[in-house]
There are 2 protein chains.
Amino acid sequence: MDLDEVIKALAHPVRRDILQWLKAPEKHFADQEHPLEVGVCAGKFARCGLSQSTVSTHLAVLARADLVTTRRIGQWVFYKRNEETIAEFLRQIGHEL
Amino acid sequence: MDLDEVIKALAHPVRRDILQWLKAPEKHFADQEHPLEVGVCAGKFARCGLSQSTVSTHLAVLARADLVTTRRIGQWVFYKRNEETIAEFLRQIGHEL
DNA sequence: TTTGCGTATCGAAATATTGCGATCTATAGT
DNA sequence: ACTATAGATCGCAATATTTCGATACGCAAA
């Protein structure tokens, strides 16, 4: 886990929102036609009001920091929280701070 | 506590270093002529290799985020960790994330 | 294979952050 | 009042981040 990468990824409200939405997909993405178990479809995050390309960039930052995992199914890409990295971040930041 | 302000303040390695140094002043600033109880003198942070003005700016960012407290004594300004904000940040980030 | 849909990437503009030297302010000592 | 020291602030350059539209790519269906 790259602490610097993770903190910088978290230093943006939209990316924190995305992680929070992914915490309870059934609450925030109940309208998804695909099963939520595989993750949340990238396009669903348009709710933040940003353009498709911007949302994609934010998702890429989260993925680079390993805060989310991605899985491509057909033409869609599904995103899921990576609880391992999140837990390790909380542990490490609690230790370092 | 302004979570956004705090996270952005923490999103820089030098500022995290400063907070860590302040965790054990007797370990990192044993050479200080003033008693460490009042805090660590601003000038002591020059150890990070940055200029005086840059260090001062970093300290200001930490102070604005309420991660440190400042106390002026004569011509010196002493910095101390604000354990309350730090603890609240860890609580909140653990809850939000 | 052409068309369409979902997503990623590119290039560029706007904005924010980082860093420095110079300068200003505040305090202390002479 | 003058000088020195500590620290903050200003102005500016360099770099990074954010955002967008346009375009490229991957996949599926017609």
Side-chain angles (χ1 to χ4, degrees), chain A residues 2-19 21-22 29 31-36 38-80, chain B residues 2-19 21-22 29 31-36 38-80:
Chain A
D2 184 337
L3 182 66
D4 199 67
E5 192 102 46
V6 171
I7 285 211
K8 274 176 185 156
L10 294 175
H12 194 290
V14 166
R15 291 193 292 262
R16 289 198 301 279
D17 283 345
I18 289 174
L19 283 179
W21 293 335
L22 286 178
F29 307 97
D31 59 328
Q32 182 171 281
E33 47 302 293
H34 313 273
L36 287 167
V38 298
V40 174
C41 197
K44 289 287 166 190
F45 298 104
R47 68 179 52 203
C48 63
L50 297 172
S51 72
Q52 181 269 323
S53 68
T54 301
V55 170
S56 181
T57 302
H58 281 308
L59 289 171
V61 171
L62 288 172
R64 251 175 60 89
D66 221 34
L67 284 164
V68 295
T69 59
T70 69
R71 184 177 168 197
R72 163 149 239 146
I73 297 183
Q75 46 197 143
W76 300 280
V77 178
F78 296 92
Y79 286 83
K80 258 183 163 174
Chain B
D2 184 337
L3 182 67
D4 199 68
E5 192 101 48
V6 170
I7 286 208
K8 276 176 186 156
L10 293 175
H12 194 292
V14 165
R15 291 194 290 261
R16 288 198 301 278
D17 283 345
I18 289 173
L19 282 179
W21 292 335
L22 286 178
F29 307 98
D31 58 329
Q32 182 171 283
E33 49 299 300
H34 312 272
L36 287 167
V38 297
V40 174
C41 197
K44 288 288 165 189
F45 299 103
R47 68 179 51 201
C48 63
L50 298 173
S51 72
Q52 181 269 322
S53 67
T54 301
V55 171
S56 181
T57 302
H58 280 308
L59 289 171
V61 171
L62 288 171
R64 250 175 62 87
D66 220 34
L67 284 164
V68 295
T69 58
T70 69
R71 182 177 171 196
R72 164 149 240 147
I73 296 183
Q75 47 197 141
W76 300 280
V77 176
F78 296 91
Y79 287 83
K80 259 183 161 173

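Reckoned from all heavy atoms, side chains included, excluding hydrogens, waters and symmetry mates. Just so we're on the same page: letters track the sequence lines, and every chain starts at 1. All values reported here derive from a predicted model rather than from experimental measurement.
- Nucleotide C:dT7 holds its P atom 12 Å from the CD1 atom of A:Ile73, rounded to whole Å.
- Distances were taken from every side-chain heavy atom of A:His12 (C-beta onward) to each of C:dT18, D:dT19, D:dA8; the shortest belongs to D:dT19.
- In this model, a side-chain donor or acceptor of B:Gln52 finds a partner on the base of D:dA8 within 3.5 Å.
- Nearest to the side-chain atoms of A:Ala42 among the listed nucleotides D:dT19, C:dA8, C:dC20 stands C:dA8.
- Taking the nucleotide of DNA chain D with the nearest heavy atom to each of A:Val55 and B:Val77, the more 5' of the two is matched to B:Val77.
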For nucleotides 11-13 of chain C, tabulate all protein N/O to nucleotide N/O atom pairs closer than 3.5 Å, reporting atom names and distance.
none

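- The distance between atom CZ of A:Phe45 and atom P of D:dT19, rounded to the nearest whole Å, is 16 Å.
- Summarising the geometry, atom OG1 belonging to A:Thr70 is positioned 11.5 Å from atom CG belonging to A:Leu62; distances are rounded to the nearest 0.5 Å.
- For the pair A:Gly49 and A:Arg72, both in contact range of DNA chain D, the more 5′-proximal nearest nucleotide belongs to A:Gly49.
- Here A:Leu67 contributes atom CG and A:Arg15 contributes atom CZ; the two are 9.5 Å apart, rounded to the nearest 0.5 Å.
- Counting non-hydrogen atoms under 4.0 angstrom, B:Phe78 reaches nothing in the nucleic acid.
- Taking atom CH2 on A:Trp76 and atom C1' on C:dA8, their separation rounds to 17 Å, with Å as the unit.
- In this structure a side-chain-to-backbone donor-acceptor pair under 3.5 Å is missing from A:Gln32 to A:Val40.
- Although no hydrogens or angles enter the test, the distance criterion places a donor-acceptor pair under 3.5 Å between the side chain of A:Arg16 and the main chain of A:Leu10.
- Between the NZ atom of B:Lys8 and the P atom of C:dT15 there is a distance of 15 Å, given to the nearest Å.
- Dashed line: the shortest gap from a side-chain N or O of A:Tyr79 to OP1 or OP2 of C:dA8 is under 4.0 Å.
- The pair A:Asp17-A:Arg47 fails the salt-bridge criterion, with no side-chain N (NZ, NE, NH1 or NH2) lying under 4.0 Å from an Asp/Glu carboxylate O.
- Here the OH atom belonging to B:Tyr79 is positioned 12.5 Å from the CG atom belonging to B:Leu19, to the nearest 0.5 angstrom.
- Here D:dG7 is the nucleotide among D:dT19, D:dG7, C:dT7 with the atom lying nearest to any side-chain atom of B:Cys41.
- Between the CG atom of A:Leu10 and the P atom of D:dT18 there is a distance of 12 Å, rounded to whole Å.
- Side chain B:Ser56 to base D:dG7: no donor-acceptor pair is found below 3.5 Å.
- Distances shorter than 4.0 Å separate some side-chain N or O of A:Ser51 from OP1 or OP2 on D:dC20.
- Without hydrogens or angle criteria, A:Ser56 side chain to A:Gln52 main chain gives no donor-acceptor distance under 3.5 Å.
- We find that CD1 of B:Ile7 is positioned 16 Å from P of D:dT17, with the value rounded to whole Å.
- Atom pair B:Lys44:NZ and D:dG7:P shows a separation of 10 Å (rounding to whole Å applied).
- Rounded to whole Å, the distance from NE2 on B:His34 to P on C:dT27 is 15 Å.
- Among the atoms of the strands shown, only primed sugar atoms or phosphate atoms (P, OP1, OP2) are found under 4.0 Å from some heavy atom of B:Leu50.
- Side-chain atoms of B:Ser53 come within donor-acceptor range of the base of C:dG21, with a qualifying N/O pair under 3.5 Å.
- The aromatic rings of B:Phe29 and B:Phe45 stand perpendicular to each other, their planes meeting at an angle above 60°, with 30° marking the opposite boundary.
- Applying the 4.0 Å criterion to OP1 and OP2 of D:dT17, one finds that A:His58 has every side-chain N and O outside that range.
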